[in-house]
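One structure is given here, and the rest of the page talks about it.
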Amino acid sequence: MKTNTIQVIEKKWQETWERVGLYMADITSAKKPFYNLMMFPYPSAEGLHVGNMYAFTGSDIYGRFKRAQGYDVFEPIGLDGFGIHSENYCIKIGRHPMEHARITEKNFYAQLRKIGAMYDWSKTVETYKPKYYKHTQWLFIQLFKRGLAYRANAEVNWCPSCKTVLADEQVIDGACERCGGFIEKKALTQWFFRITAYADRLDAHLSSLYWSDKVKIAQKNWIGKKEGIDIVYDVVTEEGEKVGFITCFTTRPETNFGATFIAIAPNHEFITQIIRVIKNKKIVSAIKKYISGVKDSSIYETLINRIKMKKEKTGVFTCLYGINPLSGRKMPVYVSDFVLSGVGTGAVVGVPGHDRRDFEFAQVFELPVIRVVSDGVNRDDILTKDDVYEDAGIMMNSSFLDGMTTDAAKIRIINYLESQGFGKKRVVYHLRDWLISRQRYWGPPIPMIYCRSCAEKGKSYFTSKKSYKDEIFFKDFDILASSMKGWYPVEDSDLPVELPYLEDFQPGNDGVPPLKKHASFYQTICPECQSEAIRETEVSDTFLDSAWYFLRYPSVGSSREHEVAFDPEITQRWFPVSMYTGGAEHSVLHLMYSRFITMALHDMGYLSVDEPFANFFAHGLVIKDGAKMSKSKGNVVNPDEYITLYGSDALRLYLMFMGPYSEGGDFRDSAMEGMSRWVQRVWNITIRVKENNYSVTDNQILRALHRLVKKVGEDIERRRYNTAIAAMMDFVNILTNRELKISIQDMCVFLQLLAPFAPHMTEELYQRLQDRDMIMDSSQSIHAQQWPTYREELLVDSLISIVIQVNGKVRDSITVSPENGNNQAIVEEQAKRREKVLRYLKDASVRKIVFVPRKLINFVL
RNA sequence: GCCGGGAUGGCGGAAUUGGUAGACGCGCAGGACUUAAAAUCCUGUGACCUCACCAGUCGUGUGGGUUCGAGUCCCACUCUCGGCACCA
């Protein structure tokens, strides 16, 4: 089979399959729907790379297998065209994003058609098209109406290079996920999604999802549910005059008898109060100086760098004291930047004996260290950082807690503090609300309108007649109404708010969104009072586009396509997604956001499911020359040239053979050639099988074939494609090593097993064995045939080998019938006659014989 | 620092419940066919010892342990790859 023959055959079948509609699922009446979803790509300017193809192929093999098992498989594809990544690239090469998106889509889809996946090309989704983002905007509005989308002033991550804010999740080691530049912290008013309202459910559902533990653990850590207590400490001056109180959150309240200081974040609200109270001007100016110093340095110095540099802790004493209600101790209050304002209450109570950070701080300010937990043996004073004991143990120096375990003491002290009114139990999460707005151009405009006139009157959507107060998920309606003064969603009938074609789409240094420079875009009328109003000019995060695309696919092309984001009836049939395949790098971001959106839509009554993905499978990464493929390393492999040279069948097989699908593998050209040779061998053998035209298959080959049917089916199910392919190679070796006695019918069975991996060549060969060179309708395709079954009785060999061990070491083996293999007396008798065994047995007595039926016999001397 | 993977020939990787370690492929070596080469096919290929494809010794990151028997189970450690990170 020459290279051009491969090209011709692959193209022929790709066109034929599409013509006969082989891969179009019956969306409205499928009896056994199977939604086989692949994470849709975010195409880069270079187009499809071999890592994408690896991901898609693994998903496609599974889909084809499920189809052969009789499911109505729906396997859609699309792309995410919006986002900073594309926009930055456009700025660099001086092309408009709208034009770039069209070019990318064309190229990308052309490449995708060549990989031989069973995509339903009648149902693609592209996020940047108005007919899609119309519904993205609708979704935003639904969240807003229920109080799940809100505006707030917060300290946010600002990327000076991308000139936009980023969500916490998009900041990696204090740097921008996209451009790698350092992140600054800025206080800005931004749009947020109240994902924290779902934190508990997002956490609780995890245990019942059929996802890999690895991904579930990553999500659990990110949600970071922790139970603790807010303890209120009275604050007094040196002279003992009470001036206020500070609330500290802690997860280790049982250690509170060992608390010796309090530290608050530099931007803690209590500071303004302190400054008023403190009479000593020197101290006030010291505090002010410290705070402004922290602000300056944090622009250039991320927290992460400070940890890495192991910088000494800093802080400033306020000359005020918190009173520990348990011990009565006067604990000095400090302002320190090691306390983060966004965490807990922004104030911590320092227990230097049992927290390393607290110990470091205590050392700098020479504060006392008290041991209140022992490991059961060691009760010595804590003098160095290595002595700090953070584990569970036995309480000491803690009054009524002494002698209790830390776990028991925790329950006891929480009850005590609550009953005395000193504190209140609280659950906290690491998860924060999702920062959704971006000061950029290339995204869906946030569909909101701000009316100054209404704002002045204290009016908003929430005070209007249209508001449905009962459906608000966020409990505190008053807070919502007062913080959203003047804001109204765009009327559904006015959607989409189209993104205009702007020549000056580049972001400004000032954080002013490009749309804000175009009055023709933002000038509008207030939907409530009809006076002049302005549109929101920020756009939404790309992650919002991809947080609901899977809901859209089945409804594409339906009669209600334009009217609704997704058709309820169709969605009912196809959800949840049966199998979701994608990269582990999306374990936290995309999967968490998608789950949140699904839950919210469920609660609004739009969806019956409240989890989108029943199964999620994380595939591995393709590496090249021992390194992750990346543009900067220059080791990115483009699949096009390999498809041209070897065909997509050989490339698919090779990619899946590199290693377990869950682990990824190392791409090497020489091994690729080996796979190409094997594909050629299969071709040649099949041609010979047809020429020979045997009617009966040799018994040995038949047994091997039935074992193969079992093996390949099981391996595909557990995504061990590499071993499935190895087993098929083994079978082909058996075929070549002996006279080719296999019937055409049985050869077709083999081709069916290979078909999910190499769809084109198996189709061509299958049709040739059927004496056809073309198919008239989809039912004739090899991919429409039922998956082969195996006969149990053919799986057992006529002879089995039994291992003979002496003292656990293999010395020999014998071949017996399966029946005799179960009979210890026969096996023992035969084994003892073996010369190699006799050599060890003759001078010693056998103490014990271990017999494992059909496996081994072990003589212990 | 915390959480989660992983470590097997020259290389990628196999190995249900502990039961013949190294399947399958790459590479390498030798051979057949050929004027020659390519392609194809056949044979061999963990290390050591050995005249030997007899027999034997060692061998799954390191050190211990459990067991008739450990790549697999337990304890301690080293290295490595991901994720999170002054989270109170």
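Proteins come first, then strands; the chains are lettered A, B, ... in the order of their sequence lines, and each starts at number 1. Keep in mind that the numbers below use all heavy atoms, side chains included, and drop hydrogens, waters and symmetry copies.
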Using a 4.0 Å cut-off on protein heavy atoms (strictly under), produce a 5'-to-3' string for nucleotides 72-81 of chain B with B for base contact, S for backbone-only sugar-phosphate contact, and - for none.
----------
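Using a 30° and 60° split on the angle between ring planes, A:Tyr334 and A:Phe365 fall in the tilted class, from 30° to 60°. The aromatic rings of A:His430 and A:Trp222 stand perpendicular to each other, their planes meeting at an angle above 60°, with 30° marking the opposite boundary.
You'll find that the side chain of A:Lys214 is closest to B:rG4, out of B:rG4, B:rU20, B:rC68. When distances are taken from the side chain of A:Val348 to each of B:rC68, B:rC3, B:rA88, the shortest belongs to B:rA88. Looking at the side chain of A:Met729, the nearest of the listed nucleotides B:rC68, B:rG25, B:rA14 is B:rG25. In this structure, of B:rA23, B:rA88, B:rG19, it is B:rA23 that holds the atom nearest to the side chain of A:Ala726. Here the nucleotide nearest the side chain of A:Thr723, chosen from B:rC26, B:rA14, B:rG69, is B:rA14. Checking B:rC3, B:rU57, B:rA88 against every side-chain atom of A:Arg811, the shortest atom distance belongs to B:rU57. Counting only heavy atoms from C-beta on, A:Phe657 has its side chain closest to B:rG25 among B:rA55, B:rG25, B:rC68. Among the nucleotides B:rG19, B:rA55, B:rG27, the one closest to any side-chain atom of A:Ser670 is B:rG27.
Atom name P, nucleotides B:rC81 and B:rC73: the rounded distance is 24 Å, in whole Å. With both ends at atom C1', the span from B:rU45 to B:rG9 equals 10 Å, rounded to whole Å. To the nearest whole angstrom, the two C1' atoms, one in B:rU17 and one in B:rC28, are 38 Å apart. B:rA14 sits 15 Å from B:rU20 when the C1' atoms are compared, rounded to a whole Å. Here, B:rG19 and B:rG5 have their C1' atoms 28 Å apart, quoted to the whole Å. Nucleotides B:rU16 and B:rG65 are separated by 27 Å at their P atoms, to the nearest Å. Nucleotides B:rU40 and B:rC26, compared at atom P, are 10 Å apart to the nearest Å. Taking atom P on both nucleotides, B:rC41 is separated from B:rC24 by 16 Å, rounded to a whole Å.
Comparing A:Ile217 and A:Lys710 by the nucleotide of RNA chain B that holds the closest heavy atom to each, the one mapping nearer the 5' end is A:Ile217. In terms of position along RNA chain B, the nucleotide closest to A:Arg356 lies nearer the 5' end than the nucleotide closest to the other residue of the pair A:Asn807 and A:Arg356.
For the residue pair A:Asn807/A:Arg847, the side-chain donor-acceptor check at 3.5 Å is not satisfied. A:Arg720 and A:Tyr661 share no side-chain donor-acceptor pair at under 3.5 Å.
A cation-pi arrangement is absent between A:Arg707 and A:Tyr790, since the terminal nitrogen or guanidinium carbon is not both under 6.0 Å from the aromatic centre and inside a 45° cone about the axis.
One N or O donor and one acceptor, one from the side chain of A:Gln805 and one from the base of B:rG19, sit under 3.5 Å apart. The base of B:rC3 does not come close enough to the side chain of A:Lys220 for any donor and acceptor atom to sit less than 3.5 Å apart.
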Step by step, would you call A:Asn324 with A:Asn256 a side chain to side chain contact (heavy atoms under 4.5 Å, CB included)?
CA-CA 8 Å; A:Asn324 189 333; A:Asn256 220 253; 3.6 Å; yes
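Residue contacts shown for A:Gly224 are absent, as no nucleic acid heavy atom lies under 4.0 Å away. Contacts of A:Ser801 with the nucleic acid, taken as non-hydrogen atoms under 4.0 Å apart, include base atoms. At the heavy-atom level, A:Val343 lies under 4.0 Å from base atoms of the strands shown.
Applying the 90° criterion around 0 to the glycosidic angle, B:rG59 comes out anti.
Contact annotation: A:Asn722 side-chain N/O to B:rA14 OP1/OP2 distance is under 4.0 Å. For the pair A:Asn733 and B:rA23, the criterion of a side-chain N or O lying under 4.0 Å from OP1 or OP2 is not met. For the OP1/OP2 pair of B:rG56 and a distance below 4.0 Å, the side-chain nitrogens and oxygens of A:Tyr840 include at least one atom meeting the criterion. Contact annotation: A:Arg718 does not reach the phosphate of B:rU16 (side-chain N/O to OP1 or OP2, under 4.0 Å). In this model, the phosphate group of B:rA15 is approached by a side-chain N or O of A:Arg720 to a distance below 4.0 Å at OP1 or OP2. The phosphate of B:rU20 has neither OP1 nor OP2 within less than 4.0 Å of any side-chain N or O from A:Lys855. Contact annotation: A:Lys809 side-chain N/O to B:rG69 OP1/OP2 distance is not under 4.0 Å. Dashed line: the shortest gap from a side-chain N or O of A:Arg681 to OP1 or OP2 of B:rC41 is under 4.0 Å. Residue A:His430 places at least one side-chain N or O under 4.0 Å from the OP1 or OP2 atom of B:rA85. Dashed line: the shortest gap from a side-chain N or O of A:Arg677 to OP1 or OP2 of B:rG27 is under 4.0 Å.
Taking atom CG of residue A:Asn256 and atom P of nucleotide B:rA88, one finds them 15 Å apart after rounding to whole Å. Between the P atom of B:rG12 and the CE atom of A:Met658 lies a distance of 13 Å, rounded to the nearest Å. For A:Asp812 and B:rG19, the CG to P distance is 20 Å, given to the nearest whole Å. With rounding to whole Å, A:Ile223 atom CD1 is found 14 Å from B:rC84 atom P. We find that CG of A:Asp730 is positioned 14 Å from P of B:rA15, with the value rounded to whole Å. In this structure, A:Ile857 atom CD1 and B:rG19 atom P are separated by 18 Å, rounded to whole Å. Summarising the geometry, the separation between CE on A:Met675 and P on B:rG27 is reported as 13 Å, rounded to the nearest angstrom. In this entry the distance linking NE2 of A:His354 with P of B:rG1 reads 21 Å, nearest Å.
Just one of A:Tyr54, A:Tyr646, A:Phe667 meets the ring-ring contact (aromatic ring centres under 6.0 Å, His included) condition when paired with A:Tyr654; it is A:Phe667.
For the pair A:Glu360 and A:Arg356, the salt-bridge criterion is not met [side-chain N within less than 4.0 Å of a carboxylate O]. For A:Lys424 and A:Asp230, the salt-bridge test fails: no basic side-chain N is under 4.0 Å from an acidic carboxylate O. The residues A:Glu673 and A:Arg677 are annotated as not salt-bridged, no charged nitrogen and carboxylate oxygen being separated by less than 4.0 angstrom. In this structure, A:Glu835 pairs ionically with A:Arg839, as a charged nitrogen and a carboxylate oxygen lie closer than 4.0 Å.
Closest heavy-atom contact between A:Met39 and A:His590: CE-CD2, 3.9 Å.
Considering only residues two or more places apart in sequence or on other chains, A:Asp203 meets the side chain to side chain contact (heavy atoms under 4.5 Å, CB included) condition with A:Lys220, A:Ile223, A:Lys225.
Ring centroids of A:Phe338 and A:Phe361 are separated by less than 6.0 Å, placing the two rings close together.
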Any chance you could encode RNA chain B as dot-bracket? Rule is Watson-Crick or G-U wobble with both distances under 3.5 Å; [ ] for pairs crossing earlier ones, | for another strand.
(((((((..(((......[....)))((((((.......))))))(((.......)))..(((((..]....))))))))))))....
